[in-house]
Amino acid sequence: MSEHTKFAHLGKPGTAFTAGFQRRLDLIKKYVDFSNKKVLDMGCGEGVWLEEFAKLSGFDNVYGSEYDNDQVVKLKEDLGKRKRENGDRQPSVVNPKNIVNCPGENLVFEDDFFDIVFHNEVLEHVQVDLKTLQECFRVLKKGGLMVFFTPNRLWPFEQHGMFLGGKYYWGNIPLLPWMPNIIYKKFAPHVRSYWGSELKNMIKKSTSNSEFVKYTQIFPGFDGAVRRLGLVGKLIQKTFLFLEKTPLHIFGISHFVIVRKL
């Protein structure tokens, strides 16, 4: 897979734990207790979530899986270097041995291994989303939680760019998610965006025994708008945070899902 194609199909991993990510973590913590829990970040990318989870659950309790082996090698080297620099002091990084290269459809972990399986904007990129959800439930302990965010088809912009005339164009494409599926997939064959009913049905198909702890939609954090526009950006941010508490939340950028394995 060329670097150009890889970027389109695998997405652009976060390079820093932004205010937007912190907001998502704060939302999760309202429903999830991470204390001493064994956590998997599926599709961990550059590992920006790993250290935050480790602060909550313990550094040896956090694992990461990633499809892109180049990314896994880079992440393990970085974690190993930081661990060596810390020496005998309290570790401040996740154990490099806990980072593995595998697809979401074939997680290399035992059954009933994790208390929490997390994935942030990953499900839309895997090859077989139903199989990936089945694997998430397989590696979850009974009573464990799957927590994830994934694109909402009612958000009026395709965030992952599009293919046109054989070329890939990065950016937010207006109204493409609202097009009929035959048109949507023509321009966005590299990614998915889910209707609410579609996502709920797929979760129900992936396991015979689960319950929703939380299901809603959230709007963007608009961190970039705040940086660029100052007070105007803050007004935009506050407006959408207010709308998130109204029935209009259904137009949010992402589905926010927490499911318990019974």
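In this text, all values refer to a predicted model and were calculated from it rather than measured experimentally.
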Going through the checks in order, is the side chain to side chain contact (heavy atoms under 4.5 Å, CB included) test met by Glu198 and Arg192? CA-CA 11 Å; Glu198 173 189 19; Arg192 301 181 190 87; over 6 Å; no
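- A single hydrophobic cluster is seen to contain both Phe137 and Val257, as judged by linkage of ILVMFWY side chains at heavy-atom distances under 4.5 Å, directly or through other members.
- In this structure, the side chain of Glu46 does not engage the main chain of Leu75 through any donor-acceptor pair within 3.5 Å.
- Scored by the side chain to side chain donor-acceptor pair (under 3.5 Å) test, Gln22 finds Asp26 as partners (sequence neighbours excluded).
- Listed by chain and number, the residues in a side chain to side chain donor-acceptor pair (under 3.5 Å) with Asp41 amount to none (sequence neighbours excluded).
- Linking Ile, Leu, Val, Met, Phe, Trp and Tyr residues whenever their side-chain heavy atoms come within less than 4.5 Å places Phe34 and Phe17 in a single cluster.
- Closest approach of Leu50 to Tyr63, counting heavy atoms only: CD2-O, 3.7 Å.
- With sequence neighbours left out, Ala188 forms a side chain to side chain contact (heavy atoms under 4.5 Å, CB included) with Leu176, Tyr184, His190, Val191.
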Can you give the donor-acceptor pairs under 3.5 Å from side chains of residues 223-232 to other protein atoms, not counting sequence neighbours?
{"residue": "Asp223", "atom": "OD2", "partner": "Gly20", "partner atom": "N", "Å": "2.7"}

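- With rounding to the nearest 0.5 angstrom, the CG atom of Leu79 is 10.5 Å from the CD atom of Glu77.
- Under the 4.5 Å side-chain heavy-atom criterion for grouping Ile, Leu, Val, Met, Phe, Trp and Tyr, Tyr194 is connected to Val126 within one hydrophobic cluster.
- Here Gln217 pairs with Asn152, Tyr215, His249, Ile250, His255 under the side chain to side chain contact (heavy atoms under 4.5 Å, CB included) rule; sequence neighbours left out.
- In this structure a side-chain-to-backbone donor-acceptor pair under 3.5 Å is missing from Trp170 to His160.
- In Lys81, the NZ atom is not crowded: 12 or fewer heavy atoms of neighbouring residues, nucleotides or ligands sit closer than 6.0 Å.
- Trp178 CH2 to Phe157 CZ: the interatomic distance, rounded to the nearest 0.5 Å, is 8.5 Å.
- Scored by the side chain to side chain donor-acceptor pair (under 3.5 Å) test, Glu211 finds Arg260 as partners (sequence neighbours excluded).
- Shortest non-hydrogen contact noted between Pro151 and Gln159 is CB-NE2, 3.9 Å.
- Inter-residue side-chain proximity for Met202 and Leu123 is flagged as met; some heavy-atom pair is nearer than 4.5 Å.
- For the pair Leu154/Trp195, a side-chain contact is recorded, criterion being any heavy-atom separation below 4.5 Å from C-beta on.
- When atom types are taken as modelled, the side chain of Glu158 and the backbone of Pro177 share no donor-acceptor pair closer than 3.5 angstrom.
- To the nearest 0.5 Å, the span separating CG on Leu25 from CG on Leu56 amounts to 6.0 Å.
- Without hydrogens or angle criteria, Lys214 side chain to Phe256 main chain gives no donor-acceptor distance under 3.5 Å.
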Assess whether side chain to side chain contact (heavy atoms under 4.5 Å, CB included) is satisfied between Val108 and Ser65, documenting all intermediate values. CA-CA 9 Å; Val108 291; Ser65 69; over 6 Å; no
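- Across every non-hydrogen atom of Val48 and Glu52, the tightest pair is O-CG, 3.9 Å.
- Listed by chain and number, the residues in a ring-ring contact (aromatic ring centres under 6.0 Å, His included) with Phe240 are Phe219, Phe222 (sequence neighbours excluded).
- Summarising the geometry of Val100 relative to Phe109, their closest heavy-atom pair is CG2-CZ, 3.6 Å, with the distance given to 0.1 Å.
- Of the inter-residue distances, the one linking Cys44 atom SG with Asn120 atom CG reads 12.0 Å to the nearest 0.5 angstrom.
- For the side-chain contact (heavy atoms from CB on, under 4.5 Å) criterion with Val213, the lone passing option out of Val147, Leu145, Val259, Val32 is Leu145.
- Listed by first then second residue, pairs satisfying salt bridge (Lys or Arg N to Asp or Glu O under 4.0 Å) with a partner in residues 99-124 read Arg24-Glu121, Asp111-Arg138, Asp112-Lys261, Asp115-Lys141, not counting sequence neighbours.
- Of the possible polar contacts, one joining the Ser193 side chain to the Arg153 backbone as a donor-acceptor pair under 3.5 Å is found.
- Pairing each heavy atom of Cys136 with each of Met42, the nearest pair is SG-SD, 3.8 Å.
- Every residue two or more places apart in sequence or in another chain was checked for a side chain to side chain donor-acceptor pair (under 3.5 Å) with Asn201, and none qualifies.
- Residues meeting the salt bridge (Lys or Arg N to Asp or Glu O under 4.0 Å) test with Asp33, sequence neighbours left out: Lys37.
- Residues in residues 229-255 take part in these salt bridge (Lys or Arg N to Asp or Glu O under 4.0 Å) pairs, two or more places apart or across chains: Arg23-Glu244.
- Val122 has its side chain out of reach of Phe148: every pair of non-hydrogen atoms, C-beta onward, lies at least 4.5 Å apart.
- Heavy atoms only, all atoms of each residue included: Asn61 and Ser57 are closest at ND2-O, 2.6 Å.
- Residues meeting the ring-ring contact (aromatic ring centres under 6.0 Å, His included) test with Tyr31, sequence neighbours left out: none.
- Residues Ile203 and Val117 share a hydrophobic cluster, clusters being chains of Ile/Leu/Val/Met/Phe/Trp/Tyr side chains in contact below 4.5 Å.
- The aromatic rings of Trp49 and Phe21 are tilted relative to each other, their planes meeting at an angle between 30° and 60°.
- With Asn95 contributing its side chain and Asp60 its backbone, the two residues share no donor-acceptor pair below 3.5 Å.
- Taking hydrophobic clusters as Ile, Leu, Val, Met, Phe, Trp and Tyr residues chained together by side-chain heavy-atom distances below 4.5 Å, Leu107 shares a cluster with Leu133.
- How far CZ of Phe187 is from CZ of Phe163: 12.5 Å, rounded to the nearest 0.5 Å.
- Rounded to the nearest 0.5 angstrom, Asn101 CG and Glu66 CD are separated by 8.0 Å.
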